[in-house]
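These notes are about the structure you will find just below.
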Amino acid sequence: MGGVEEKEKLVLVTRKPCLGLPTGCPSCLPVYIYLKFAGASFDVHFDLCNPDSDRIPYVECGDYVAFNNEKGGVIEGLKKDGIIDLDLGLPSHLVPDWLSTKVVISTWLADAVQYELWVSSDGAAAEMIYFSDLPFPIGKSLHLKQTKLVKEVLGITRGNTEERETEIYRRADVAYEALSMRLGEQKFFFENRPTSVDAIFLGHALFVLQASADLSVLRSHFKKYDNLVRYAENLKTEFLEASSSSSVHGFPADPSTSSKPRRGASWRWSSKPKSKPKREKTEEEKTFRRRAKYFLAAQAISILVFLSLLGGSRDDGEMIDDDPELAFDLEE
């Protein structure tokens with residue numbers, strides 16, 4: 001590890017742990033594993049109130065920040081900036097194979113995970129990972145918005161759902177077969193050492209095995225390849241279940257802090273203020289606080305209704321027509 005002073009500890013900002021994983025987010029898990037593979041000492045902070053932020057995950061160290069939506073992602077940012085590069089020294093004759101393997105995992109397999117997480121499942125896993133800490137109306141609205149976005153990205157319409165599903169799973173199975181042949185009985189994919197390919201694929205594999213739905217088609221495809229299953233189980237035991245040097249903190253549920261990462265000061269977000277002696281509130285103060293809560297709740301509901309009506313008028317009903325399930329949710 002280079003590019004930062006050793007005394008400055010890395011901080012990984014990610015989604016919360018759930019479903020038996022150190023972070024339930026399929027985009028965050030590979031970054032966590034990458035740092036584990038590198039043997040880096042790092043703290044983990046969980047952002048609980050920005051489920052739709054494309055900057056998460058991100059890594060901080062002093063004044064340095066590597067965001068998910070910059071430089072091709074966190075892992076690529078850490079590599080380009082000379083912080084942690086597990087791919088350094090990879091022989092040139094392996095680079096084409098390494099690159100094609102990485103592309104297949106990052107496209108075909110990533111698409112399959114997104115399809116199962118947001119489209120084909122009942123949405124329970126997505127709810128637990130991203131929205132369970134938010135008030136129901138806000139969480140439900142963001143969930144519907146993300147589902148619609150994923151359908152657009154995957155090219156799914158009301159008329160081609162079955163066709164696109166077949167193609168998504170066909171590509172995933174082709175990818176698993178190719179990866180199984182490439183891995184063989186090796187511990188890692190290249191040079192018997194972990195690279196970014198291993199971090200990305202292990203994150204995918206663990207999510208599919210532990211976080212996908214019970215009747216997951218993707219999981220059934222994955223389990224056809226015994227060496228891929230052994231690969232995931234062995235590396236999970238060695239790198240994730242062993243004693244950890246990372247410490248864990250949860251963000252306070254306050255958008256004013258967690259939505260704006262501050263360079264060089266992120267570890268202060270989880271610090272606990274000194275306790276102050278409490279004084280008994282007067283009856284007038286209690287009444288005022290109750291009324292304030294009702295007022296804020298009414299405002300939030302009014303804003304959601306307004307945004308829903310505004311969005312519906314702009315789309316001319318397109319969103320409802322394209323997605324009968326969404327239309328049902330909105331009518332309720």
Side-chain angles (χ1 to χ4, degrees), residues 12-37 42 44-48 51 56-57 68 73-75 104-133 143 146-147 150 168-169 171-173 175-177 179-180 183 187-189 194 196-244 246 248 250:
L12 170 62
V13 180
T14 182
R15 314 260 183 224
K16 67 182 180 181
C18 61
L19 303 168
L21 297 170
T23 171
C25 172
S27 299
C28 300
L29 190 55
V31 180
Y32 181 93
I33 293 171
Y34 187 81
L35 296 178
K36 284 290 188 179
F37 278 165
F42 61 99
V44 182
H45 289 176
F46 300 118
D47 188 304
L48 305 178
I56 299 171
N68 181 58
V74 178
I75 292 176
V104 165
I105 300 169
S106 302
T107 54
W108 286 5
L109 294 185
D111 286 351
V113 165
Q114 292 297 302
Y115 177 74
E116 285 208 338
L117 184 62
W118 297 103
V119 181
S120 68
S121 70
D122 61 3
E127 173 70 25
M128 187 180 303
I129 296 166
Y130 298 98
F131 310 115
S132 59
D133 295 293
H143 195 160
Q146 184 63 25
T147 298
V150 170
I168 287 169
Y169 285 131
R171 288 180 174 181
D173 195 42
Y176 287 147
E177 183 178 9
L179 289 166
S180 177
L183 179 65
K187 182 177 180 180
F188 300 103
F189 279 99
S196 60
V197 163
D198 294 283
I200 297 170
F201 181 69
L202 182 58
H204 168 88
L206 294 180
F207 185 86
V208 170
L209 289 173
Q210 295 187 221
S212 54
D214 292 338
L215 300 178
S216 165
V217 176
L218 192 59
R219 183 190 294 170
S220 66
H221 282 301
F222 182 86
K223 283 190 169 183
K224 291 194 301 184
Y225 303 96
D226 293 338
N227 63 333
L228 296 182
V229 175
R230 287 195 303 272
Y231 165 92
E233 291 174 346
N234 291 340
L235 293 184
K236 176 189 174 185
T237 300
E238 181 176 350
F239 288 94
L240 301 188
E241 294 179 353
S243 57
S244 172
S246 59
V248 176

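Remember, predicted model here, so these are calculated numbers, not experimental data.
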Heavy-atom side-chain proximity of Pro51 to Gln146 below 4.5 angstrom: no
From Asp198 CG over to Lys187 NZ, what is the distance, rounded to the nearest 0.5 angstrom? 10.5 Å
For Ile75 against Pro30, the heavy-atom pair lying closest together: CD1-O, 4.0 Å
Within the structure provided, determine whether Pro17 and Phe46 are in side-chain contact (heavy-atom separation under 4.5 Å). yes
Within the structure provided, determine whether Thr23 and Leu12 are in side-chain contact (heavy-atom separation under 4.5 Å). no
Sequence neighbours excluded, the answer for ring-ring contact (aromatic ring centres under 6.0 Å, His included) partners of Tyr231 is Phe189, Phe201
So how far is it from Leu109 CG to Leu218 CG, rounded to the nearest 0.5 Å? 7.0 Å
What one should report as the nearest heavy-atom pair of Ala112 and Ala172 is CB-CB, 4.1 Å
Lys236 side chain reached by Leu209 side chain, heavy atoms, under 4.5 Å: no
Where do Ala205 and Ala232 come nearest, in terms of heavy atoms and distance? CB-CB, 3.9 Å
Measure the OG-NE2 distance between Ser106 and His204 for me, rounded to the nearest 0.5 Å. 10.5 Å
Criterion ring-ring contact (aromatic ring centres under 6.0 Å, His included) on Tyr176 and His221, from CA distance to verdict: CA-CA 8 Å; Tyr176 287 147; His221 282 301; 7.4 Å; no
Approximate separation, where rounding is to 0.5 Å, of Asp122 CG and Glu127 CD: 10.5 Å
Residues passing the side-chain hydrogen bond (donor to acceptor under 3.5 Å, both in side chains) test with Glu233, sequence neighbours excluded, are none
Take Phe207 and Leu117, measure what side-chain contact (heavy atoms from CB on, under 4.5 Å) needs, and give me the verdict at the end. CA-CA 10 Å; Phe207 185 86; Leu117 184 62; 4.0 Å; yes
For Ser216 and Glu116, test the side chains for any donor-to-acceptor distance below 3.5 angstrom and give the result as yes or no. yes
If you look at every heavy atom in Asn227 and Ser180, which pair is closest and at what distance? OD1-OG, 2.8 Å
Starting at CD1 of Ile33, measure out to CG of Leu202 and round the result to the nearest 0.5 Å. 4.0 Å
Heavy-atom nearest pair, Ile129 first then Gly24, reads CD1-O, 3.2 Å
Under the side-chain contact (heavy atoms from CB on, under 4.5 Å) rule, what do Arg15 and Ile56 come out as? Steps first, then yes or no, please. CA-CA 8 Å; Arg15 314 260 183 224; Ile56 299 171; 3.6 Å; yes
Should we count NZ of Lys223 as having more than 12 external heavy atoms under 6.0 Å? no
With side-chain contact (heavy atoms from CB on, under 4.5 Å) as the test, would you mind laying out the steps for Val31 and Thr14 before giving the verdict? CA-CA 9 Å; Val31 180; Thr14 182; over 6 Å; no
Can you give me the closest heavy-atom contact between Lys36 and Leu240, atom names plus distance? CG-CD2, 4.1 Å
Rounded to the nearest 0.5 Å, how far apart are CH2 of Trp108 and CG of Leu179? 11.0 Å
After noting the C-alpha distance and the side-chain angles of Tyr130 and His143, does the key distance pass the side-chain contact (heavy atoms from CB on, under 4.5 Å) rule? CA-CA 8 Å; Tyr130 298 98; His143 195 160; over 6 Å; no
